[in-house]
Amino acid sequence: MFEARILQGSILKKVLESIKDLVTDANFECTANGFALQAMDSSHVSLVALMLRSTGFDHYRCDRDVTMGMNLLNMSKMLKCADNDDTITMKADDAGDVVTFMFENPKADKISDFQMKLMDIDTEHLGIPDTEYEATVKMSSNEFQRICRDLSSIGDTVTIAVTKDSVKFTTSGDIGEANITCRRTSDGDMKEEKVKTEEDGEKVHNTKSSEGQNVDIDLQEPVTLTFALRYLNSFCKATSLCENVRLQLSKELPVVVQYLIEDMGYVRFYLAPKIEEEDADES
Amino acid sequence: MFEARILQGSILKKVLESIKDLVTDANFECTANGFALQAMDSSHVSLVALMLRSTGFDHYRCDRDVTMGMNLLNMSKMLKCADNDDTITMKADDAGDVVTFMFENPKADKISDFQMKLMDIDTEHLGIPDTEYEATVKMSSNEFQRICRDLSSIGDTVTIAVTKDSVKFTTSGDIGEANITCRRTSDGDMKEEKVKTEEDGEKVHNTKSSEGQNVDIDLQEPVTLTFALRYLNSFCKATSLCENVRLQLSKELPVVVQYLIEDMGYVRFYLAPKIEEEDADES
Amino acid sequence: MFEARILQGSILKKVLESIKDLVTDANFECTANGFALQAMDSSHVSLVALMLRSTGFDHYRCDRDVTMGMNLLNMSKMLKCADNDDTITMKADDAGDVVTFMFENPKADKISDFQMKLMDIDTEHLGIPDTEYEATVKMSSNEFQRICRDLSSIGDTVTIAVTKDSVKFTTSGDIGEANITCRRTSDGDMKEEKVKTEEDGEKVHNTKSSEGQNVDIDLQEPVTLTFALRYLNSFCKATSLCENVRLQLSKELPVVVQYLIEDMGYVRFYLAPKIEEEDADES
């Protein structure tokens with residue numbers, strides 16, 4: 001039997017909102033470690049990886065590994081029926097074909113349970129190799145969303161150029177060209193923070209919230225890559241999950257766009273760069 | 001001549017908004033008692049009854065009974081031109097074919113008058129028998145609206161089951177099932193409050209507003225009935241009129257969904273239950 | 001070379017929003033005096049005249065007169081990428097075919113530059129004769145917008161009748177008629193204010209803001225004119241530019257609808273009245 005309860009149900013609602021437009025059907029993998037998902041978007045261009053660690057739930061029980069195939073749009077419809085301050089409990093029998101979402105309000109006088117039919121979904125789990133990235137940028141997730149949206153009104157792709165001191169977003173289209181440069185604003189204790197947040201599960205980035213719109217850059221080598229704005233804009237639906245977004249870039253590798261989910265885990269989006277001649281020459 | 005003035009024009013605006021999507025054309029009956037309307041919705045499935053008592057107006061004069069046929073959409077267009085803090089005056093001559101809506105702002109430096117043509121509408125007034133209902137539920141109108149809307153994302157009908165201690169809303173559809181249970185939270189001085197509000201016209205439910213989302217149940221016999229969510233959702237457009245909604249249910253009878261209009265009167269919606277086999281057996 | 005910087009970029013954004021739906025392509029005239037535009041709307045019924053005086057910019061340099069043909073929709077797309085508290089700088093070379101918009105945020109860690117291609121636009125500059133108007137009305141721009149929008153739900157045209165003590169807006173349509181009368185509420189120090197604002201560039205109307213929704217009327221002769229509401233509604237997109245709007249009316253002349261732009265200049269809209277028989281008789 002699988003059972004997982006989260007007091008702050010709004011987190012689960014936000015997670016679904018952030019991926020439901022990208023992925024239609026997906027298998028959730030429930031294990032002793034946590035509640036995870038990995039799926040290609042419906043056009044097979046980008047990849048989503050979600051991890052909600054068991055330690056982040058207020059109650060978590062998973063007697064044996066379970067794979068639950070869900071339609072994310074339907075799941076989102078049900079989760080929308082939970083109030084933001086409701087407790088959400090997910091339940092499934094090992095051999096069942098149904099998952100139950102239970103919502104309880106804080107005053108405990110309204111209790112909802114929603115049963116959703118599970119689906120059989122054929123997928124292959126892609127191994128994502130652990131990579132040292134040439135450039136890591138951490139910046140305000142709102143700012144990143146704003147930039148992607150703004151550039152979309154000019155062009156279809158964005159070229160992201162990371163140097164030691166700045167990250168520059170460039171596009172061009174029929175009506176003209178645009179360059180947006182964000183300067184590095186801190187000395188980059190970013191790495192340390194990342195470790196703490198992911199390993200110890202401390203709410204480290206809460207204590208950092210007063211720092212606001214800092215841009216941190218961790219650079220092995222300057223890197224310039226071009227991506228389809230359409231997908232980046234879709235990733236930005238995760239903006240409300242976390243104050244900061246982390247971009248990891250390396251030549252010829254997919255960019256990793258990561259949003260941490262409080263001290264529970266993360267949503268990561270992967271998107272391959274557009275191959276352009278100058279990139280090809282450098283390789 | 002008919003003339004009725006209401007200082008808090010927003011009330012009249014909200015009344016119109018709550019019924020204009022359900023009813024297209026309707027006869028308003030203006031008598032010494034008040035300003036009333038009774039009409040079937042355009043698909044002849046539900047019934048609306050509105051009563052604004054003459055004592056609730058700040059000025060009211062009705063020399064003889066007048067029937068005014070109005071297109072509610074047009075009436076709503078005109079009332080939308082009143083600011084929420086405007087005074088609204090309705091005027092009509094006994095034999096005229098026009099009604100005038102006059103709006104005055106609090107500073108009395110902006111005065112609007114709108115003339116609307118009246119219509120001849122054939123209707124028969126349905127007598128609504130005074131009934132003792134098996135179950136009466138009073139709950140937050142916001143909560144009721146939320147439940148109807150949420151369940152609409154899963155199914156088309158809702159089964160409302162009232163017991164001594166709770167009211168349960170159930171639906172099912174292609175993507176699954178949903179149950180929402182609201183527990184009774186008070187000992188039900190509801191009956192007394194109802195009497196006071198309707199007879200004495202005291203602003204009783206204002207003094208109760210601090211109690212919030214209480215669910216009161218007054219039960220002769222448990223009752224379970226099924227309704228089309230589409231109509232309930234339409235009724236919920238009256239939510240802003242009153243903090244609480246009252247549902248009255250009896251086997252095989254239409255549910256009465258009532259919103260009180262401050263100390264002026266009420267909007268009541270009637271909707272017949274879906275006949276299902278188990279209901280038929282019990283009768 | 002032309003270069004103009006404005007610290008409060010939101011002003012330039014609002015100016016564009018107020019005219020971009022009316023005018024598609026237009027020539028901006030950059031001179032030592034300022035940044036100006038004059039254009040007919042696309043149906044050649046109304047005229048827009050914009051003036052941003054050089055003295056109102058925080059930095060302004062214009063070595064020789066330049067005419068820059070721009071697509072206002074594209075220009076608006078670019079300006080929308082500026083935050084409201086960004087500084088905006090416009091730059092163009094004398095012989096170039098490109099204009100650059102540069103945005104800097106207050107913390108100076110985000111810098112954007114957008115290049116837009118210029119266009120060759122054939123226009124003739126219309127001389128607008130300096131006229132003494134029979135009636136000048138100054139009123140809350142919000143109130144004027146509200147009235148134009150409200151009347152649009154009843155009819156297509158509005159008749160504006162100005163007397164010594166009031167301005168009355170009338171329309172009629174299939175569903176009925178409407179009259180909105182705004183009473184003069186002050187003794188009209190309007191003229192003095194106008195002079196100060198336009199000549200001295202003092203922020204006079206800021207100090208008047210507490211007076212709220214006053215209606216000032218300066219009248220040589222009562223005047224009654226009829227206009228298409230469609231265009232007035234379009235002019236009202238400038239509402240956010242200024243707390244007050246000024247209407248200038250004379251028989252058989254276009255109305256002038258003016259919004260001051262802080263101490264920088266103005267947007268003026270001109271619209272010819274509908275010729276009706278009674279107007280013709282009076283002339």
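Proteins come first, then strands; the chains are lettered A, B, ... in the order of their sequence lines, and each starts at number 1.
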message: Tell me whether the rings of B/F101 and B/F103 are parallel (<30°), tilted (30 to 60°) or perpendicular (>60°).
response: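 Rings of B/F101 and B/F103: parallel, as their planes differ by under 30°.
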query: At a heavy-atom separation under 4.5 Å, does C/I154 approach chain B through its side chain, its backbone, both, or neither?
result: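 Answer is side chain: those atoms of C/I154 sit under 4.5 Å from chain B.
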message: With a 4.5 angstrom heavy-atom cut-off, is it the side chain or the backbone of C/R146 that approaches chain B, or both, or neither?
response: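 Contact with chain B: side chain only.
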Sidechain N-carboxylate O distance under 4.0 Å for B/K110, C/E143: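 Counted as a salt bridge, because a side-chain N and a carboxylate O are separated by less than 4.0 Å.
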- prompt: Checking ring pair (Phe, Tyr, Trp, His ring centres under 6.0 Å) for the pair B/F35/B/F28: CA distance, chi angles, key distance, verdict?
  reply: CA-CA 7 Å; B/F35 186 71; B/F28 284 88; 4.7 Å; yes
query: What part of B/N105 is in contact with chain C, defined as an atom under 4.5 angstrom from a non-hydrogen atom: side chain, backbone, both or neither?
result: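 Interface part for B/N105: neither.
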message: Which atoms of B/K117 are under 4.5 Å from chain C, going by heavy atoms: the side chain, the backbone, both sets, or neither?
response: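 Both parts, heavy atoms under 4.5 Å.
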query: Counting heavy-atom pairs under 4.5 Å to chain B, which of C/L151, C/I147, C/D174, C/I180 comes out on top?
result: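 Counting heavy-atom pairs under 4.5 Å, the top option is C/I180.
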query: For residues B/T55 and B/Y60, is any side-chain donor paired with an opposing acceptor at under 3.5 Å?
result: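 Their side chains do not contain a donor-acceptor pair, so the 3.5 Å distance test is not met.
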message: Contact between B/L229 and B/D156 at the side-chain level, heavy atoms closer than 4.5 Å - yes or no?
response: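 Not in contact.
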